[in-house]
There are 2 protein chains.
Amino acid sequence: MNKYEIIAETIQQSIYDQKLEQGTKLPNVESLMKQHNVSKSTITKALDTLEKRGAIFQQRGSGIFVRRQRREGYVSLLTNRGFTADLKEFNITSEVLKLERMNADDEVKMNLHLEENEEVYYVERLRRIDNDILCIEVSYFPVKLVPYLNNEIAEGSIFNYLTDALKFNISFADIYMHIDELNDIDAKKLELKQGNPALFLEQVVYLATGEPFDFSKITYHYKHSKFFVQATNY
Amino acid sequence: MNKYEIIAETIQQSIYDQKLEQGTKLPNVESLMKQHNVSKSTITKALDTLEKRGAIFQQRGSGIFVRRQRREGYVSLLTNRGFTADLKEFNITSEVLKLERMNADDEVKMNLHLEENEEVYYVERLRRIDNDILCIEVSYFPVKLVPYLNNEIAEGSIFNYLTDALKFNISFADIYMHIDELNDIDAKKLELKQGNPALFLEQVVYLATGEPFDFSKITYHYKHSKFFVQATNY
DNA sequence: GAGTGGTCTAGACCACATA
DNA sequence: ATGTGGTCTAGACCACTCG
């Protein structure tokens, strides 16, 4: 880890450990420099990182303050680290409904930038949060990037498998959302009724190289899904 | 404007003007340094800014590439600059249903960190996107921060009024979302039926000082609201 | 190995907030 | 006026990618 990353972790941890409230003032830049024995730019970089994550905000001429402060029970859409929900806070489990290799259809080809006749893994999962049904997730992974996938992996976190075992360097994601009524099939899977409201989310996730490796369509149970976004004005 | 901001604008504009596609490689850091006659850190800062905005991605050892690429018709939840929707792309108009000064109730007091007996402006607006009904928005602004508001201002962009006339320095926002069925009253306003799906969004917007100045509850019309989020893995 | 972006330093100077 | 964070420089060195 780089110096600035270590410093960022240290500060974030100390906010967490001391349960500092929103608005609490942190030590100034100079004392952080001395404390960690690094140059000003390194402290600045560490603080910028924490600001991006939504942990602090900085005000020129005034100081550095704790931001954080989320309501209970909401899942962050752009989690602190990684897009998958905070697995520590919430107990999320997955039941694999289907897993197979298949040829990509047009929609999948377009979203994953695939050529003709390329194969993908198709995974359909029912995900639960603390035993409540959270969503149905249908995912596609190109075989050329994800050469192997099985039920055991899909029951856990596929993203953890990709980063840990396959050393994927996940970089960014495009997320599209809309609301609509449930159709008959999805309603049954979610144990709801046809016509009930649902949030439909599509995401394309990219490697650091810019290659898309995951296209997923997720249908959320309207009673058990609450989302949280920390926006910053760039 | 700072040097790095000007450089960031220039690069972003050139991507836009040349309609560069995702994955297009940009000039390397050294040539950008020479071209703008600045040091490496300044270029780095400019590129970091663009990366935060989702306009580019950088890959060590390889280059700088164009990211951008959004589907048509989706409103960005964390717009390029500012949280209010891209007003240039979409024609958003507001009809003021109600505007009055009142005492804050408990919910408003909590979200805006107000003391007992503080007054707020209450604004209820029906917002349209290209003549379709987009949402009902109910907003609260503390009078101590927003001493004046009228119908004419509320028919336009309140945020523009706050930043331009009152010189507000808007810094960040917390956004909470959930899905549910419409009640009778909201359904009528949105010209929908009771029980239809809706996205409910609550936002608290903060100044650079960390003071909250806006608490809004927004109910979106499910047929005319599509959202887009660009996530980055910090 | 050549080329690319990323980190880090030491120090000068600037812009803003607050009392 | 003082203190605080923000910008910028010049240059050294590091880490990754790719042919």
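So that the names make sense, note that chain A is the first sequence line, chain B the second, and so on, each numbered from 1.
The side chain of Y4(B) places no N or O atom within less than 4.0 Å of a non-bridging phosphate oxygen (OP1 or OP2) of dC8(D). Taking side-chain N and O atoms only, T42(A) has a distance below 4.0 Å to OP1 or OP2 of dT9(C). For K40(B) and dG5(C), the shortest distance from a side-chain N or O to OP1 or OP2 is not below 4.0 Å. Residue K25(B) places no side-chain N or O under 4.0 Å from the OP1 or OP2 atom of dT4(C). Taking side-chain N and O atoms only, S62(B) has no distance below 4.0 Å to OP1 or OP2 of dT17(D).
Toward the 5′ end of DNA chain D lies the nearest nucleotide of G61(A), the other residue of the pair G61(A) and T44(A) mapping further downstream. Summary of the strand contacts: L26(A) and N2(A) both lie near DNA chain D, and taking for each the nucleotide with the nearest heavy atom, the more 5' one is attributed to L26(A). Comparing V38(A) and R60(A) against DNA chain C, the residue whose closest nucleotide sits nearer the 5' end is V38(A). For the pair D48(B) and A208(B), nearest-nucleotide mapping onto DNA chain C gives the more 5' position to D48(B).
Nucleotide dT18(C) holds its P atom 11 Å from the CG atom of N169(B), rounded to whole Å. The nearest whole Å value for the distance from the CD atom in Q58(A) to the C1' atom in dG3(D) is 16 Å. Spacing between atom CD1 of I7(B) and atom C1' of dC8(D) amounts to 11 Å, rounded to whole angstrom units. In this structure, N28(B) places its CG atom 13 Å from C1' of dA2(C), rounding to the nearest Å. Separating the CD atom of E30(B) from the C1' atom of dA2(C) is a distance of 13 Å, rounded to the nearest angstrom. Rounding to whole angstrom units, NZ of residue K45(B) and C1' of dG5(C) are separated by 18 Å.
At distances below 3.5 Å, not a single donor-acceptor pair connects side-chain atoms of S62(A) with backbone N or O atoms of Q59(A).
Using a 4.0 Å heavy-atom cutoff across all strands shown, L47(B) reaches no nucleic acid atom at all. Residue S41(B) is classed as a base contact, given a heavy-atom separation below 4.0 Å to a base.
In this pair, Y74(A) and Y176(B) present their aromatic rings perpendicular. The plane angle is above 60°, beyond the 30 to 60° band.
Electrostatic pairing of E107(A) and K217(A) counts as a salt bridge here, judged by a charged N lying under 4.0 Å from a carboxylate O.
No side-chain donor-acceptor contact under 3.5 Å links R53(A) and Q230(A).
For S39(B), counting side-chain heavy atoms from C-beta on, the closest listed nucleotide (dT17(D), dT4(D), dC8(D)) is dC8(D).
Within 6.0 Å of NZ on K98(B) lie no more than 12 heavy atoms contributed by other residues, nucleotides or ligands.
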